[in-house]
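Remarks on the structure that follows.
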Amino acid sequence: RPRVLSGIQPTAGSFHLGNYLGAVRQWVALQEAHDAFYCVVDLHAITVEQDPKTLRQNTRVSAAQLLALGIDPDRATLFVQSHVPEHAQLGWVMQCMTGFGEASRMTQFKDKSARQEQSVGVGLFTYPILQAADILLYQAHYVPVGEDQRQHLELTRDLATRFNSRYGKTFRLPEAYIVKDTAKIFDLQDPTSKMSKSVPGGVVELLEDPKRSAKKIRSAVTDTGREIVFDVENKPGVSNLLSIYSALTDRTVESLVQDYDGKGYGDLKKDLGEVFTEWVTPVQERVKTYLDDVASLDKILARGAERAREVASGTLRRTYEKIGFVLPE
Ligand code: ATP
Ligand code: MG
């Protein structure tokens with residue numbers, strides 16, 4: 001079975017709709033026919049300052065959400081990144097393979113560092129390199145992610161290629177698995193930028209009170225005119241709402257546009273608020289159930305880490321050998 005690997009940060013406790021529609025939904029679908037590895041990337045979370053208690057809580061909340069959204073720990077390998085030390089170890093090797101200029105071209109670093117109020121750490125700069133290590137450790141065929149990760153995946157492929165040509169074939173070149181319709185969910189208050197955990201604004205959080213979400217949806221920025229049509233260029237706000245609606249109901253955008261012919265933005269927003277509430281309510285209940293029994297949750301994660309380490313340690317060992325390290329007996 002083809003291998004897939006993906007990760008999500010525990011930076012904010014709650015995932016948002018972009019995380020679900022752009023990434024986690026694909027994770028759930030892929031676990032059926034793939035050998036899937038999914039991790040909560042706490043090493044990435046500390047690229048910006050985290051409160052220790054909050055980080056610990058958010059890591060469990062993230063794992064609980066993945067389970068509640070449909071990740072099946074008997075089918076997929078679900079784990080916490082820091083439980084598998086090989087990530088940090090291969091991360092160092094990959095840093096030594098990366099050019100400074102190459103790392104400087106990562107646009108997400110430019111965006112995130114520009115927004116940072118505190119001083120910007122080197123970890124935020126090198127985080128795409130650690131991400132490359134995350135993927136290469138598992139020899140993943142596919143990496144299901146949102147559109148914002150495409151450039152990082154290119155870097156991963158470049159590093160794998162470079163390593164392979166310098167030391168001999170070691171890593172598989174992974175491919176991005178990006179589902180076009182939901183590759184980028186936009187902020188409801190600013191439909192030209194992506195919905196993001198680290199940018200407060202029009203972010204629909206899965207764990208907030210659904211009434212609050214419905215209100216955010218009702219007050220989403222829409223566009224001039226009144227017609228409900230899908231036109232990303234001229235009507236980014238309405239188009240974003242239609243994409244979300246379509247994804248949550250498995251109805252096509254065309255059929256929605258037909259249904260809303262003659263109706264107003266207000267109707268669309270009100271209905272979408274209801275659709276979201278109906279979808280998210282049972283998800284929230286399941287999250288709560290997982291968090292009510294932290295011991296069992298931690299056991300699931302320990303089991304996942306053990307399985308992940310079996311694969312990761314093999315790759316790291318082969319890598320160390322190729323580089324010329326004396327392997328410990
Ligand atoms: P941050 O702003 O802190 O980077 P984030 O919102 O981007 O947080 P991540 O944990 O970095 O969340 O990303 C998890 C997954 O969600 C990634 O695969 C990413 O591509 C995807 N994703 C994030 N935001 C969106 C979005 N707006 N639309 C579609 N996919 C998204
Ligand atoms: Mg991100």
Side-chain angles (χ1 to χ4, degrees), residues 4-30 36-50 54-55 58-59 61-63 65-66 69 71 80-81 106-116 120-121 123-125 127-128 130-131 134-135 140 142-156 174-207 216 220 232 236-237 239-241 243-244 246-248:
V4 301
L5 174 287
S6 202
I8 189 158
Q9 301 197 52
T11 37
S14 180
F15 298 165
H16 58 71
L17 255 182
N19 296 142
Y20 176 63
L21 296 177
V24 179
R25 203 158 79 118
Q26 278 64 256
W27 297 14
V28 174
L30 287 168
F37 288 75
Y38 300 131
C39 58
V40 178
V41 291
D42 52 353
L43 297 180
H44 288 286
I46 63 164
T47 53
V48 298
E49 202 176 318
Q50 300 289 334
T54 312
L55 177 61
N58 285 349
T59 300
V61 170
S62 299
Q65 282 172 99
L66 292 175
L69 290 168
I71 300 300
V80 174
Q81 187 186 25
M106 297 297 118
T107 57
Q108 210 174 80
F109 172 74
K110 293 181 201 166
D111 294 348
K112 282 195 178 179
S113 57
R115 280 201 312 264
Q116 270 286 103
V120 174
L124 192 62
F125 181 68
Y127 122 83
L130 178 58
Q131 202 179 312
D134 299 339
I135 297 164
Y142 302 107
V143 184
V145 285
E147 184 63 47
D148 60 315
Q149 293 298 323
R150 194 183 285 280
Q151 194 190 25
H152 293 169
L153 206 86
E154 271 316 306
L155 175 70
T156 305
E175 272 170 51
Y177 181 94
I178 298 177
V179 174
K180 194 167 145 274
D181 294 337
T182 51
K184 195 168 181 181
I185 300 297
F186 296 89
D187 187 286
L188 297 186
Q189 285 303 313
D190 174 11
T192 55
S193 60
K194 80 158 195 137
M195 193 178 279
S196 172
K197 279 187 197 133
S198 49
V199 187
V203 180
V204 179
E205 295 181 2
L206 304 195
L207 298 185
K216 285 181 186 168
V232 178
S239 303
N240 190 36
L241 296 176
S243 302
I244 294 171
S246 158
L248 287 177

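Computed from a predicted structure; not experimentally measured. One-based numbering, in listed order, for ligands and for the atoms of each. Scope of the values below: all heavy atoms of this structure, side chains included, with no hydrogens, waters or symmetry mates.
- Looking at atom 20 (O) of ligand 1, its nearest protein heavy atom turns out to be D148 OD1, 2.5 Å.
- For atom 11 (O) of ligand 1, the closest non-hydrogen atom on the protein side is Q9 NE2, 3.3 Å.
- Summary of contacts: the protein heavy atom closest to atom 31 (C) of ligand 1 is G18 O, 3.4 Å.
- Note that CG of D181 is 7.0 Å distant from OG of S243, once rounded to the nearest 0.5 Å.
- Taking CD from Q151 and OG1 from T107, the interatomic distance works out to 4.0 Å, rounded to the nearest 0.5 Å.
- Between P10 and V41 the shortest heavy-atom distance is CD-O, 3.4 Å.
- Every atom of ligand 1 is numbered from 1 in the order shown, and the set under 4.0 Å from a heavy atom of M195 is 24 (N), 25 (C), 26 (C), 27 (N).
- Near G22, meaning under 4.0 Å from any of its heavy atoms, are these atoms of ligand 1: 29 (C), 30 (N).
- The shortest N or O to N or O distance between A23 and ligand 1 is not below 3.5 Å.
- Of the heavy atoms in K184, only backbone atoms (N, CA, C, O) come closer than 4.0 Å to ligand 1.
- By the 3.5 Å distance cut-off applied to N or O atoms, S198 is counted among the residues near ligand 1.
- Heavy-atom contacts of T182 reach the following atoms of ligand 1: 29 (C) (cutoff under 4.0 Å).
- Under the 4.0 angstrom criterion for non-hydrogen atoms, E147 is not in contact with ligand 1.
- In K112, the part holding a heavy atom less than 4.0 Å from any atom of ligand 1 is the side chain.
- Separating the CG atom in N58 from the CD atom in Q50 is a distance of 7.5 Å, to the nearest 0.5 Å.
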- request: Given side-chain contact (heavy atoms from CB on, under 4.5 Å), test L21 with V179 step by step and report yes or no.
  value: CA-CA 9 Å; L21 296 177; V179 174; over 6 Å; no
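- Listed by atom number, the atoms of ligand 1 under 4.0 Å from I8 heavy atoms are 10 (O), 14 (C).
- For P144 against V4, the heavy-atom pair with the smallest separation is CD-CB, 4.2 Å.
- Closest heavy-atom contact between F186 and M195: O-CE, 3.6 Å.
- When heavy-atom distances to ligand 1 are checked against a 4.0 Å cut-off, A12 has no atom that comes that close, whether in backbone or side chain.
- Atom 8 (O) of ligand 1 has K197 CB, 3.4 Å as its closest protein atom, hydrogens excluded (heavy atom only).
- Between W27 and Y38, the angle of the ring planes stays under 30°, which puts this pair in the parallel group of the 30/60° scheme.
- Considering backbone and side-chain N/O of K194, one or more are found under 3.5 Å from N/O of ligand 1.
- Close approach to Q149 involves these atoms of ligand 1, each under 4.0 Å from a residue heavy atom: 20 (O).
- A donor-acceptor pair under 3.5 Å is absent between the side-chain atoms of E154 and the main chain of Q149, judged by distance alone.
- Contact annotation for V145 and ligand 1: heavy atoms of both the backbone and the side chain come within less than 4.0 Å of the ligand.
- The shortest N or O to N or O distance between S196 and ligand 1 is under 3.5 Å.
- At under 3.5 Å, a nitrogen or oxygen of N19, whether backbone or side chain, sits near a nitrogen or oxygen of ligand 1.
- Nearest heavy atoms, F15 versus Q65: N-OE1, 2.8 Å.
- Scanning all heavy atoms of the two residues, the minimum distance from V203 to V199 falls at CG2-O, 3.4 Å.
- Checked against S198 for a side-chain hydrogen bond (donor to acceptor under 3.5 Å, both in side chains), the options R115, Q9, Q116 give a single hit: R115.
- The shortest heavy-atom contact between T47 and G123 is CG2-O, 3.4 Å.
- Proximity of H44 to ligand 1, defined as any heavy-atom pair under 4.0 Å, is not found for any part of the residue.
- Of the polar atoms of F186, none of the N or O atoms is found under 3.5 Å from an N or O of ligand 1, judged by distance alone.
- Taking only non-hydrogen atoms, the option from V179, V143, I185 nearest to atom 26 (C) of ligand 1 is I185.
- Those atoms of ligand 1 with a heavy atom of A183 less than 4.0 angstrom away are 28 (N), 29 (C), 30 (N).
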task: Give the intermediate values and the outcome of side-chain contact (heavy atoms from CB on, under 4.5 Å) for residues V28 and I71.
output: CA-CA 5 Å; V28 174; I71 300 300; 3.8 Å; yes
